[in-house]
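What follows is a set of notes on a single structure, which appears directly below.
Values below: every heavy atom of this structure, side chains too, minus hydrogens, waters and symmetry copies. Each residue takes its place number in the sequence, starting with 1.
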Amino acid sequence: QRLGEGLRRWKADLIHAVDASAAELARRVAAEQSLPYIAGSFDLGDARRLGDSAAGAELLLAASEPVAGALAARGSATDRIRLLRPGVYHVRHATCFHEPENSVALVAGGPLEDFNAFDAVLGCFAELAARKCDCVFFVIGSGRAEKRLRQQAQRLNLGQRITFIDALPTEQLARIFQDADIYITPAPQRSIDMQSLLAMAAGVPVLAAAGKSANDFLRDGETVMSFTCGDCAELTVKLSAMLDDRASARALAESALDYIRLNHSAAGNVTALARMYREVVEGKKTGSSS
């Protein structure tokens, strides 16, 4: 009710539910205000979560091709689905290993839900520590497996070399990745993996677990190096290869930046979104006048 009163003062033309969690509220407010609404989708499960909210939306904005496919498969009219990839600010060139005198910063992140996936990362870190590699380790995220993973890190004698950091907002992540050298996403994610996208945008090479996910920007050999989820030995081999051949790691980071410039620029996202807003508002006005 308070939101509706504010919208009347602002003379809004359109309601935008940025993600699926806001779609039902957007539908109700839009109906009360006689306004069109659109809904965003960032997760493969949103097609089910949206329910009736999807049926009434003028447009459904999918953050990736897999998400768009999930919406279409659930019965959402394909003519209302639009692809709107997240926009991020990006550096001009790869930033990894830019201070050779410092220890290499290896960062793994994502929801700490899959113990086996992150356990493989910890095993990889332990192997690098045993080899006396000059690395420091970070794990960013939170979830039900966090306590076990912290205990496992102690059992592996990672001690003071590893730091666990709670899940962080986007702006803080972007600053952290400025000082990272390699980023690892240990498990495929059903929602848009903003941590990997931000790491790529920061000029950091990414190792990503292969598998079904919502993320069409994780392209093996083009934007990331893929490995089998939970396979500590394979991850160790590929991570070691990056550490040994830093020129190739930087080349992968540069290739990822090229992809982001074409598909995930902040300016391109804003331009596309404004175009969709106009499409809906002008279409509504045309429909009302006829």
Side-chain angles (χ1 to χ4, degrees), residues 40-42 61-69 82-100 104-110 140 170-189 191-229 234-235 237-276:
S41 176
F42 293 81
L61 309 184
S64 69
E65 290 181 354
V67 171
R82 300 286 189 277
L83 189 62
L84 183 68
R85 293 187 169 97
V88 290
Y89 294 100
H90 55 80
V91 299
R92 291 187 177 183
H93 298 291
T95 59
C96 52
F97 314 119
H98 62 291
E99 295 182 2
V104 175
L106 305 180
V107 182
I140 302 176
T170 299
E171 61 273 12
Q172 288 183 265
L173 280 171
R175 289 196 295 270
I176 284 178
F177 289 141
Q178 290 175 2
D179 297 319
D181 292 300
I182 296 175
Y183 180 74
I184 305 165
T185 181
Q189 297 184 28
S191 59
I192 295 300
D193 182 359
M194 287 303 299
Q195 290 195 22
S196 288
L197 189 60
L198 288 169
M200 290 161 54
V204 176
V206 173
L207 279 155
K212 183 179 179 181
S213 79
N215 302 287
D216 53 4
F217 55 82
L218 300 179
R219 298 169 173 248
D220 187 30
E222 180 183 357
T223 63
V224 302
M225 181 183 290
S226 295
F227 64 95
T228 304
C229 179
E234 181 185 0
L235 175 58
V237 168
K238 292 188 173 180
L239 182 51
S240 298
M242 278 192 175
L243 293 172
D244 292 339
D245 188 353
R246 299 186 179 187
S248 293
R250 281 191 292 268
L252 179 63
E254 292 286 0
S255 177
L257 283 169
D258 288 341
Y259 182 87
I260 285 178
R261 289 186 190 98
L262 291 174
N263 297 282
H264 290 274
S265 76
N269 174 276
V270 171
T271 299
L273 185 57
R275 183 175 64 250
M276 293 175 197

Where [X] and [Y] come nearest, the two heavy atoms and their spacing:
{"X": "P205", "Y": "M242", "answer": "CB-CE, 4.0 Å"}
{"X": "L257", "Y": "G203", "answer": "CD1-CA, 4.1 Å"}
{"X": "I192", "Y": "A63", "answer": "CG1-CB, 3.7 Å"}

Would you say [X]'s side chain and [Y]'s backbone share a donor-acceptor pair under 3.5 angstrom?
{"X": "E234", "Y": "F227", "result": "no"}
{"X": "Y183", "Y": "G109", "result": "yes"}
{"X": "T223", "Y": "F217", "result": "yes"}
{"X": "K238", "Y": "S226", "result": "yes"}

Salt-bridge present (E171, R175; N to O < 4.0 Å): no
N-O pairing of R85 and D216 below 4.0 Å: yes
Kindly compute the distance separating [atom1] ([X]) from [atom2] ([Y]), expressed to the nearest 0.5 Å.
{"X": "S240", "Y": "D245", "atom1": "OG", "atom2": "CG", "value": "12.5 Å"}
{"X": "T185", "Y": "D193", "atom1": "OG1", "atom2": "CG", "value": "4.0 Å"}
{"X": "L252", "Y": "C96", "atom1": "CG", "atom2": "SG", "value": "9.0 Å"}

S213 versus Q189, side-chain donor and acceptor atoms under 3.5 Å: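 No donor-acceptor contact under 3.5 Å links the two side chains.
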